[in-house]
Amino acid sequence: MTKDVMVTISGLHVEEEEGDTIEMLHIGEYFERNGAHYILYEERLDGIAEPVKNRIKIRDRKMELQKRGPVTADMVFEEGKSQSSTYAIPYGSFLMETYTKKVECRVEEDELEAKAFYELSINGVRYASCEVRVMAQSKEAFCL
């Protein structure tokens, strides 16, 4: 895959049978190092000049998401494991806990797709069943 990619991040949160889907598209960079796939991209928040810098690392059945800037978070999705982290936004922070049920990854010549299925708790209260999907496609393949 090329270095310059289009990154699609989509998420599904299901709370008591009601679902909410979010999808974002970003220009990013892709590279592979020591058997791990990396995706880097920036996202802009309304009313905030500084971008949030994101790094996604995918290896085997594990996906890590790191956010730096006005939003900070370190999220790790690893099958069969729970993880706690502080999610900080400009208006405050909260404790986020995840229990990852499954992580999938598919790599082809011009695209990478990774999914994590997990349970989410916020400040100790179960919030939702979730799915996050990360798709990186070379710009040429994305335009087809």
Side-chain angles (χ1 to χ4, degrees), residues 1-2 4-32 36-144:
M1 184 166 11
T2 61
D4 296 323
V5 294
M6 298 302 295
V7 181
T8 306
I9 309 290
S10 55
L12 170 65
H13 301 284
V14 178
E15 307 169 53
E16 298 180 20
E17 299 182 25
E18 283 192 35
D20 185 27
T21 303
I22 299 169
E23 185 168 281
M24 298 175 289
L25 180 64
H26 304 281
I27 296 172
E29 295 179 15
Y30 166 85
F31 63 93
E32 185 177 357
H37 303 274
Y38 292 86
I39 301 166
L40 309 174
Y41 66 95
E42 291 184 353
E43 65 184 296
R44 299 278 177 184
L45 302 175
D46 289 339
I48 299 176
E50 182 184 0
V52 178
K53 295 182 180 191
N54 295 276
R55 184 194 80 177
I56 298 172
K57 179 182 176 183
I58 303 162
R59 172 184 222 123
D60 301 322
R61 300 227 175 256
K62 183 177 181 179
M63 180 168 33
E64 300 173 47
L65 170 61
Q66 182 183 75
K67 292 180 169 288
R68 294 294 181 264
V71 174
T72 59
D74 291 296
M75 300 171 66
V76 178
F77 302 101
E78 189 171 7
E79 280 190 22
K81 294 191 177 181
S82 295
Q83 190 256 349
S84 297
S85 65
T86 300
Y87 199 99
I89 59 176
Y91 315 104
S93 62
F94 51 90
L95 178 64
M96 202 165 68
E97 301 165 338
T98 58
Y99 171 73
T100 305
K101 296 184 275 186
K102 187 174 186 180
V103 176
E104 300 174 347
C105 183
R106 178 181 57 82
V107 180
E108 295 182 3
E109 183 178 336
D110 286 326
E111 73 179 29
L112 174 146
E113 179 183 36
K115 294 180 184 178
F117 303 87
Y118 61 99
E119 296 294 322
L120 174 64
S121 296
I122 297 176
N123 291 329
V125 178
R126 187 192 176 285
Y127 179 70
S129 292
C130 304
E131 173 186 334
V132 64
R133 177 179 166 259
V134 176
M135 173 80 77
Q137 295 174 284
S138 65
K139 286 184 179 180
E140 296 78 21
F142 182 81
C143 294
L144 295 178

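In this structure, OG1 on Thr100 lies 8.5 Å from CE on Met63, to the nearest 0.5 angstrom. Taking CG of Asn123 as the start and CG of Leu95 as the end, the distance is 6.0 Å to the nearest 0.5 Å. For the atom pair Ser138 OG and Asp110 CG, the distance stands at 3.5 Å (nearest 0.5 Å). Interatomic distance, CZ of Arg55 versus CG of Leu40, reported as 8.0 Å (0.5 Å rounding). Distance check, rounded to the nearest 0.5 Å: CG of Leu12 to OG1 of Thr21 gives 4.5 Å. To the nearest 0.5 Å, atoms CG (Leu65) and OG1 (Thr98) are separated by 11.0 Å.
Partners of Arg133 under the salt bridge (Lys or Arg N to Asp or Glu O under 4.0 Å) rule, at least two apart in sequence or in another chain, are Glu113. Partners of Thr86 according to the side chain to side chain contact (heavy atoms under 4.5 Å, CB included) rule, which considers only residues two or more places apart in sequence or in another chain, are Ser93. The salt bridge (Lys or Arg N to Asp or Glu O under 4.0 Å) check on Glu108 picks up Arg106, with sequence neighbours excluded. Among residues two or more places apart in sequence or in another chain, the side chain to side chain contact (heavy atoms under 4.5 Å, CB included) test is passed with Gln137 by Glu111, Met135, Phe142. Every residue was checked against the ring-ring contact (aromatic ring centres under 6.0 Å, His included) condition with Phe117, not counting sequence neighbours, and none meets it. Under the rule for a ring-ring contact (aromatic ring centres under 6.0 Å, His included), Tyr91 has no partner lying at least two apart in sequence or in another chain. The side chain to side chain contact (heavy atoms under 4.5 Å, CB included) test applied to Ser82 returns Tyr99, not counting sequence neighbours. In terms of the salt bridge (Lys or Arg N to Asp or Glu O under 4.0 Å) criterion, residue partners of Arg68 (sequence neighbours excluded) are, by chain and number, Asp74.
Looking at Val107 and His37, their side chains come closer than 4.5 Å, going by heavy atoms from C-beta outward. In this structure, Leu112 and Ile58 have side chains that are in contact, with non-hydrogen atoms separated by less than 4.5 Å. Side-chain atoms of Ile22 and Ser10, non-hydrogen and from C-beta on, never get closer than 4.5 Å to each other. Side chains of Val134 and Ile39 form a contact here, defined as non-hydrogen atoms less than 4.5 Å apart. Contact check for Tyr87 versus Val71: side-chain heavy atoms found under the 4.5 Å cut-off.
The stretch residues 89-104 participates, sequence neighbours left out, in these salt bridge (Lys or Arg N to Asp or Glu O under 4.0 Å) pairs: Lys101-Glu119, Lys102-Glu104. Applying the ring pair (Phe, Tyr, Trp, His ring centres under 6.0 Å) test to pairs two or more places apart or on separate chains, those with a residue in residues 38-77 are His26-Tyr41, Phe31-Tyr38, Phe77-Tyr118. Residue pairs meeting the salt bridge (Lys or Arg N to Asp or Glu O under 4.0 Å) criterion with at least one member in residues 79-94, sequence neighbours excluded: Arg61-Glu79, Glu78-Lys81. For the side chain to side chain donor-acceptor pair (under 3.5 Å) condition, the pairs that include at least one residue of residues 43-52, sequence neighbours left out, are Glu43-Asn54, Glu43-Lys67.
Counting non-hydrogen atoms of other residues, nucleotides and ligands closer than 6.0 Å to CD1 of Ile27 gives a total of 12 or fewer.
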| Stepwise, does the side chain to side chain contact (heavy atoms under 4.5 Å, CB included) test hold for Leu25 with Val7? | CA-CA 6 Å; Leu25 180 64; Val7 181; over 6 Å; no

